[in-house]
Amino acid sequence: MEIFELGKIGLLIGFLLVIVGFWGVLQQKNIIKIIVSFTILNTGINLVMVALGYVKGRTAPIIDDSVEQIGNHNVLNAIVDPVPQALVLTAIVIGFGVTALLLAYAMKLFKAKKSLDINDFNDLKW
Amino acid sequence: MNNEIIYSVVAIGIGLLMVIMAVIAILNKKLSVAIIAAGVVSLFASVLFLLMSAPDVAMTEAAIGSGLSTLIFFYVLNKIKRQNA
Amino acid sequence: MKTKNIFISFLVLLIGWFLLTWTLDMKSVLIGIGLTGMLAILFCGSCTIFSEIKLTPKAFAYTFIYLIVFMGELVKANIDVTRRVLSPSLPINPGIVKVETRLKSKMARLILANSITLTPGTFTLEVHDDAFYIHWIDVKHAEEAQATEDLVRKFEKILEEMYG
Amino acid sequence: MLRNLLIAIVLASFGFIFYNLYQSYEPQTELTGIAAHYAENGASEVGAANLVTAVVVSYRSFDTLGEITILFLTAAIISFFLKLSKEDEDKIITHRGTSEILQTASALLIPLIYLFGVYVFINGHITPGGGFQGGAIIASGVVLAIMANPNMTINHTVIIWVESISGVSVILIGVLGIILGGGFLDSTFTGYGLGEFGTIFSAGTIPVIYSLVGLKVGAEISNILNLYQKSQKEA
Amino acid sequence: MEIIGQIFLLIGSFSLMTAAVGLLRMPDVYNRVQTGTKASTLGAIMSFIGLAFMTYENWGEVNWVGRFLVLVIFILITNPVSSHVLMRAAYAMKIPLSKLTVVDKLKEDINNKVLEEPKDE
Amino acid sequence: MGNIVIYISITMLILTLLAGLIRFVKGPSIVDRVVGFDSMTITSLVMIGVIAYLSNRAIYLDVAVVYGLLSFLGVIIVAKYIQGGL
């Protein structure tokens, strides 16, 4: 029954997504495809971080009546770790900014050479 | 306690779906399909965040990670299509 | 005219605020009134969409009738879909027909189009002036008048009472 | 061929690392360290029911300040990259007419979306959500408006003003925290009680800061989207 | 009260499954969108109403009803609109109708210049 | 009793998700794929409702509203892209 723990499942899926994303970043030749793989990688890492903060059988860190029911009037026994969640919140917004920036570069690169293939951009290759 | 098992089953189902979608996103030749598949991965990630008791993160992922990113991707794709024609 | 728009938008938004917060706590209500008023003044000066309904008791009565009719149609639609999908021979006979509507109000046209989409076997495909082009999964009448009689009239009558 | 082999080796080593990490991971059973402190004292120190909000806006508000700065910089860099020439600026693209149904529905939905966005960031300390999510929802309202009328232009001056004023106000409230509270960006002012727990006025300046952050983020994301939309005009 | 809610939830999930079966069996895009939209809209609404009934014990303290009502209204407005826009795009893309189709008034009207042609770009 | 109903409906929802996935993988045209996407998002919307009921937290439903809004917007964006009107 160990496999049926939610934290471990989240961790596993996160790792799988990270590997798939890495594969895409390394193997693809199209710039847009690379950026898509990058967003998948991003999602996987966020999943790993949230899964690390999950505690079995507990509820979201928002204190109201149901928290007191679950934890016997003790908040410490009722909620999951709020710190990774706050971290991931920041990470997602910054990931959006990074994606937007990458896409702006991609647009400029396409305008310069009319191609999206990464092998065509070899000006700095020696 | 029963809840935990239901959550796990849902998480395994959604997780398999996400991994399949991610592989589709990378292997499919058409860019638009790849982008939609990446959007689906983000949307299901948000359900998974909710299962792991992180509603704030789920909301952010649904709004920013999936919706607005997809929009920007499609703007870029549209412009590339326009310039190619 | 403009103040009427703003006032009705304000009321609709305030109802939305109450649905979301579900409390009669004085501070929350005051903040809600302030915010919805601000939103209504900023964005709803020119949106006539909320204020097209006639403000008479009769219109409200017809709203309820409409809801009942619509819910009945929705359930019928679902039974219809189930029957079609689960029967092994897949009994479909699709086509695109044209119907006419007399409605002028934008909101009423939106409601009509949505209702057509959610009723048994029909789907709004294109809207052009008075003509609605409808994808019908089981075409019975290809001519315009007959199809209009079949698909549109039952909603249109009620909507005309509501929106005029 | 060599390339594929190298990729396979890299992925296999990553897989090995992740497998070991997965094997040696033991799930937490109770809160430790800083999380326990936040859980125990968050309600009394900050007054926010949503502990994630408490961490983001009060305990770690410097991070949030950095985050909105990064978003602002991103918007600035993108606007530098996607700058249009004068003649492109005035060009009008002819679109196929948008469906009337979509236009009506967007007119109906947009005020409701704005209301929901405002609800999300005003109630950020009671319900899930907050400035970033609310800002994203407001930006998606703007997106819907653009989708319904493709030639709509967002007034750039308004965006700049909203963004600047809310950004400056966040800093001003932070400075006010030095005078009235415990330090820069402290959300609990002395002489300004926390109020009843779980109501809308219960967390000091958190609702104010989050509303300003929401407006700022909404304006920034709208600005980025607007730039991308305008860039379609360029041939 | 709870029994009513459970019945509604079951009907709702069953409708969603019908939508899925329709999605798999129908011959062309237009019919798929048709069945998909109708069944999934009703399925989602029924499930939400059922869940709202199932939580009747704490209606007073926690806001279940208001949020479910917002969701139901939202789905009723948006789902038909999005499918309409999607189907219109499919027609503009000139995806062929299935061979079973008997009549196409829209094409006739476009050919007769009553309506302008929905063109790409 | 209550649990059995939840089990059955969760099973149905997962089957629906699978059907959407099959349509997404098979779909000859891009519109078919978007229809599959739409079906999957609505199903997961209901799933969020069930999760909120099971966890007894009404606040999870706020996430569902955002999710529905953004999936609606996603479908409209793709439709506009197909038409070339973006």
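Residue numbers start from 1 in every chain, and the chains themselves are labelled A, B, ... in the order their sequence lines are given, proteins ahead of strands. The structure displayed is predicted, hence computed values, not measured ones.
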Under 4.5 Å from any heavy atom of chain A, what part of B/Leu48 do you find: side chain, backbone, both or neither? side chain
Mind checking whether B/Phe73 and A/Thr99 have side chains closer than 4.5 Å, heavy atoms only? yes
Within residues 16-40 of chain A or reaching into it, pairs that qualify as side-chain hydrogen bond (donor to acceptor under 3.5 Å, both in side chains) - sequence neighbours excluded: none
Is chain B contacted by the side chain of A/Leu17, its backbone, both, or neither, given a heavy-atom distance below 4.5 Å? side chain
When rounded to the nearest 0.5 angstrom, what is the spacing between CD1 in B/Ile26 and CD1 in A/Ile34? 11.0 Å
Of all of B/Gly65, B/Ala54, B/Gly39, which one pairs up most often with chain A through heavy atoms under 4.5 Å apart? B/Ala54
Interface moiety of A/Leu16 toward chain B, non-hydrogen atoms closer than 4.5 Å: side chain
Applying salt bridge (Lys or Arg N to Asp or Glu O under 4.0 Å), can you list everything that pairs with A/Asp117, at least two apart in sequence or on another chain? none
Highest number of heavy-atom pairs under 4.5 Å with chain A: which of B/Leu77, B/Ile14, B/Leu31, B/Val19? B/Leu31
Spacing of CE belonging to B/Met18 relative to OG1 belonging to A/Thr43, to within rounding of 0.5 Å: 7.0 Å
With a 4.5 angstrom heavy-atom cut-off, which part of A/Ala104 approaches chain B: side chain, backbone, both or neither? neither
Under 4.5 Å from any heavy atom of chain B - which part of A/Val80: side chain
When you measure from the side chain of A/Gln85 to the backbone of B/Ser53, do you find a donor-acceptor pair of N or O atoms at a distance under 3.5 Å? yes
